[in-house]
Amino acid sequence: MSMILSASVIRVRDGLPLSASTDYEQSTGMQECRKYFKMLSRKLAQLPDRCTLKTGHYNINFISSLGVSYMMLCTENYPNVLAFSFLDELQKEFITTYNMMKTNTAVRPYCFIEFDNFIQRTKQRYNNPRSLSTKINLSDMQTEIKLRPPYQISMCELGSANGVTSAFSVDCKGAGKISSAHQRLEPATLSGIVGFILSLLCGALNLIRGFHAIESLL
Amino acid sequence: MLITTGVSLLQALKVDRAMKCPAQNQMQVPSGYGLHHQNYIAPSGHYSQGPGKMTSLPLDTQCGDYYSALYTVPTQNVTPNTVNQQPGAQQLYSRGPPAPHIVGSTLGSFQGAASSASHLHTSASQPYSSFVNHYNSPAMYSASSSVASQGFPSTCGHYAMSTVSNAAYPSVSYPSLPAGDTYGQMFTSQNAPTVRPVKDNSFSGQNTAISHPSPLPPLPSQQHHQQQSLSGYSTLTWSSPGLPSTQDNLIRNHTGSLAVANNNPTITVADSLSCPVMQNVQPPKSSPVVSTVLSGSSGSSSTRTPPTANHPVEPVTSVTQPSELLQQKGVDSSSTTSSASPMPNSYDALEGGSYPDMLSSSASSPAPDPAPEPDPASAPAPASAPAPVVPQPSKMAKPFGYGYPTLQPGYQNATAPLISGVQPSNPVYSGFQQYPQQYPGVNQLSSSIGGLSLQSSPQPESLRPVNLTQERNILPMTPVWAPVPNLNADLKKLNCSPDSFRCTLTNIPQTQALLNKAKLPLGLLLHPFRDLTQLPVITSNTIVRCRSCRTYINPFVSFIDQRRWKCNLCYRVNDVPEEFMYNPLTRSYGEPHKRPEVQNSTVEFIASSDYMLRPPQPAVYLFVLDVSHNAVEAGYLTILCQSLLENLDKLPGDSRTRIGFMTFDSTIHFYNLQEGLSQPQMLIVSDIDDVFLPTPDSLLVNLYESKELIKDLLNALPNMFTNTRETHSALGPALQAAFKLMSPTGGRVSVFQTQLPSLGAGLLQSREDPNQRSSTKVVQHLGPATDFYKKLALDCSGQQTAVDLFLLSSQYSDLASLACMSKYSAGCIYYYPSFHYTHNPSQAEKLQKDLKRYLTRKIGFEAVMRIRCTKGLSMHTFHGNFFVRSTDLLSLANINPDAGFAVQLSIEESLTDTSLVCFQTALLYTSSKGERRIRVHTLCLPVVSSLADVYAGVDVQAAICLLANMAVDRSVSSSLSDARDALVNAVVDSLSAYGSTVSNLQHSALMAPSSLKLFPLYVLALLKQKAFRTGTSTRLDDRVYAMCQIKSQPLVHLMKMIHPNLYRIDRLTDEGAVHVNDRIVPQPPLQKLSAEKLTREGAFLMDCGSVFYIWVGKGCDNNFIEDVLGYTNFASIPQKMTHLPELDTLSSERARSFITWLRDSRPLSPILHIVKDESPAKAEFFQHLIEDRTEAAFSYYEFLLHVQQQICK
């Protein structure tokens, strides 16, 4: 089943969440994906204004404009065009509801949480194809996406390679721990041990040869 | 099977089982939270620095812009008790609920000031324990006396003043003084004193004292100054109340003959300085010893000192608190000497310190009481008498006129009703204790008279041994207040209000061994989410916390330098973040110690997104209603729907607020309220073995979008089931459905149940045997019959859902089992026995009022609370409604302002290397507006090493409440009789332990330190409380409900439940009345709970917390019956009367305003029963007279003898 699962509004400058949908459907997979929201939100400033991140069964799409980014999580088979037109709608509504000043000076996270109401309604509309009005001009969006396809973020770009993710999550939870060295020593494998012994032997041999050479010189 | 009724048929039954997603564990706390005590750094010497540093911090005016965000919650004052201490200020801050208006009315801007003032007040309330200390050291004495002499003139000055203005003191006294400056002055003054480091020798206080004398009322500018500031305050505060309050004070004196005169002047002064207390507070810093004196006096004056305060001057035997003396003496002397030191230029400094100093000094001199224990007071009294008398003959008359000390019941600690029995002379002093200012006069006198040998054995008032069997009137006439920890004045001022945070021992024993010796329970009582009128709210990017133990920065940390601070819980040194260097309050840089976090022990932080695991949830309310025949018969639906309709707009929440309804009998009914429907749609699920939601959304709907439908439903509901014949109740399945409905968001489920659940999961059987109700032996079935409700509650708690239970039943409903649904999900429980909307109108009215409060009070969602304490202490048992998620993390799906908690503590490591311990409660919650907030309370207490000090610091009310909590646990886990024995043993053990420490006492008598003198009485009260009584017929549900309340009520309310207050109300006068909200509220004295106090000629009001009784004697004056009750004579009063008519007579007005005032002080409205002397209902009333004998229980005296016997064994 293809559907929009969650959406979030984030300030690009510092990744401060401004609003988000209250998610009534919850699954562990989705919870995982919401973490990417957090990760992405930190990097928004470096990313282009229209991106897609594919994470297994779910996709994250987002657009940024005027210092605010609109992010949504949907199942992988949800049409791209609909996803971006959904974001487009969020953006329009958000811009008209809250002025730039407010969004720029916001300090408290989720201070526009009441925008949730709109997200909720829009989400419902998009999730129910039958009720989705034809008012939306999908062809425009389609051509736009064709002309300028969303940038595909790769996982490694996100910096979510194994080691770093864990370090990141530690940080972002504000544990305030001094993040210890991320590179861990791994136990040596058998080949490693053999190689080590061999090189040791070679070294010893060379040393002995050296001595002999010196002796012969003398 | 699913049936749809209503207009449209349900098209699709979507049974979305996927929705039961596994409960993701919602840890609200940042992971950081968990880190605990890894790196404790050795505490050692640094601590002492702490206070010093602290002191250097000027107390900032908190009213700055910073607080624009002030949380003004109408209800209770931040520090009501403390405030109350001074009569003058009383009106301002005293009243809990009414408080808001007061503040508002006085001045908008005043709030800020008030807040700061409140701090001061708190600080002012001093540990009386330390009280007499200074006396003992002769050196001290001399020093003090010299000071006193200096001070003398000032007192004279006061005198004059007082005499002049005496009658209409408040406004008249300092009318000429410009009120304009007031705040500024006040603050500045405060600052000045605070700045002085503790150890600082320059005794600014002294200077002030000197300066003070000069100010004769009419005269010099200096004095003016002082008074200005004060008066500024006073004028403001007093505008309305002024007069009466002064009167109150005066009234106090009535007993004392000569002393009275003295008192008056001083008192008036005190009054006029509406916030004198704060000043008092400050001097102590400079000279601890002196301060102690002060504290003693001020404490009593401030009314804080509970029962003990009566004999302030009493020398009392033991020299407690040696440590203090040792440490502080040096300081003392230095301070006194320094008194000569240059006067501070700034008036502020003067004001700050002066007054108190004077007092203290003077106080110290008189202190010496030559007389042996029992009647120490007598000696000083006469001595003091002469001087004052002369100046103010006129005054004398006044005091006499007033029959009793009238203080607000709730708020005064005034303690000291005169003790008639043992110490006749004492009464004179009672006045003294209450008003520190009195001291100067007296003291000086005494000093001038000559060093009187009095000083002999100083002992804190709280340690004065009381012979329990001989003291007939053990109960003070005014409410008992929390003792104030014996800290230096700065810390005292900063310390957390006892309303939010109380410890059973205000002096923490150094080792577990010492604690064991004292045989007293050690624990904390918390009321963390109390309604506050003033609360600093802090928004900053970084919330400064200790890196190792995650303690929030608080007033008790020490700043090592500008850039580093040391945690007061684990002693780790942390960096001060850059942002913290800037103080938004003063707009200055580089003063981290002036930040509001460091100036307030109760603050609220706006949390960053680190503290969120998900976006803040909306407020979600689900109502689950019993509509079986029984419920319809009881008729609660009408009341509920009506209340909901009325309060729909007042439900806390933002535009996202969601609401939903379910009803159930043998089936479960859902209501589709999706916006756009023409009328609510009822969906019936009859498959109660496997409950599902008939439609995934639109059962919980947005309150504003579907408001019309909701109103339709509420209007229709009461009549929808009128003809039902369904008698079964499928509560369990309904709850399961509710859980499913709520689990995506979390929120609040309110369950209304009227009978024993009889169908589906969680069905219960009747377990009560009515014949066993009055059994003296075993009381069974106090625990749950099934774990269904507990499991459900835990599931709910995991999904941030709390279940509140309203049980309105006429028969046994097994509350013991049902209550589990609320206990573990952090809900609350309300019980309305024999509820019927027409047959029992008082219950119906109570439900209505309770609902109003319930629906509109503040609420916090997805909350967690963590309590931290100084390394060495550990918490082991928690009491209250919550789920303990990890060792010290309480998971609270909801938090409401009426919830109280208790924690038991143990001392794991000896606390020898620290002199202070701190406790910090952090409550992280999502407000109904979707803000994530952290409310932090920090309490600081001294550590003591001697047993006597431990006894001196007992907070008997806190102890009794903790014991009650423990006893509830015991009776469930073991048996009721075990719990009862444990309670008795608590008294026996502690008193015998005390007896063995005091060697020189005659062993035949039952002695208790004054701080513990109410302990046996309270324990007896507890034994006769519904929860624990035996032998009297008690329904099981009633008993269990009482136990639930004990576990979840905050201390103030619990104390009323345990030990009701009794007042005589047929002769209310305005003497000593307080003004609240433009109303005059009379303040009758407390009577002890004994039929001996009742007379047939009177009418008495008993305040039992949730019930009021007015007992009308047979021979009651017809005037009263006519004017107040509205009937011509006793015979015509009906048997069931639950209202006082609104009559246009003075006595009716007084009675009603008094009762309303009592009512306003609690969240849930009590019912009023008017009980005629001969009516059968009088048994209800008489069962609360706990000092009397009943067929099944001891009288108080017998109980004492029993205890004594046990001790001797």
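Here is how names work: the chains are called A, B, and so on, in the same order as the sequence lines, proteins then strands, and each is numbered from 1. Since we're looking at a predicted model, the values are computed, not measured.
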Is a donor from one side chain sitting under 3.5 angstrom from an acceptor on the other, for R108(A) and T539(B)?
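Absent: no donor and acceptor within the cut-off.
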
Which one, S21(A), P109(A), C111(A), P17(A), leads in non-hydrogen pairs under 4.5 Å with chain B?
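Option with the top pair count is P109(A).
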
Measuring heavy-atom distances to chain A, does N702(B) have an atom under 4.5 Å in its side chain, in its backbone, in both, or in neither?
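Looking at N702(B), just its side chain touches chain A.
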
As an exercise, state the distance from CD of E705(B) to CG of N117(A), rounded to the nearest 0.5 Å.
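CG of N117(A) is found 5.5 Å from CD of E705(B).
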
Between CD of Q617(B) and OG1 of T22(A), what distance do you get to the nearest 0.5 Å?
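If we round to the nearest 0.5 Å, Q617(B):CD and T22(A):OG1 are 8.5 Å apart.
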
Please report the closest heavy-atom contact between [X] and [Y], naming both atoms and the distance.
X       : Y       : answer
I113(A) : K929(B) : CG2-O, 4.3 Å
R614(B) : Y110(A) : C-OH, 4.5 Å
K38(A)  : S609(B) : NZ-O, 3.9 Å

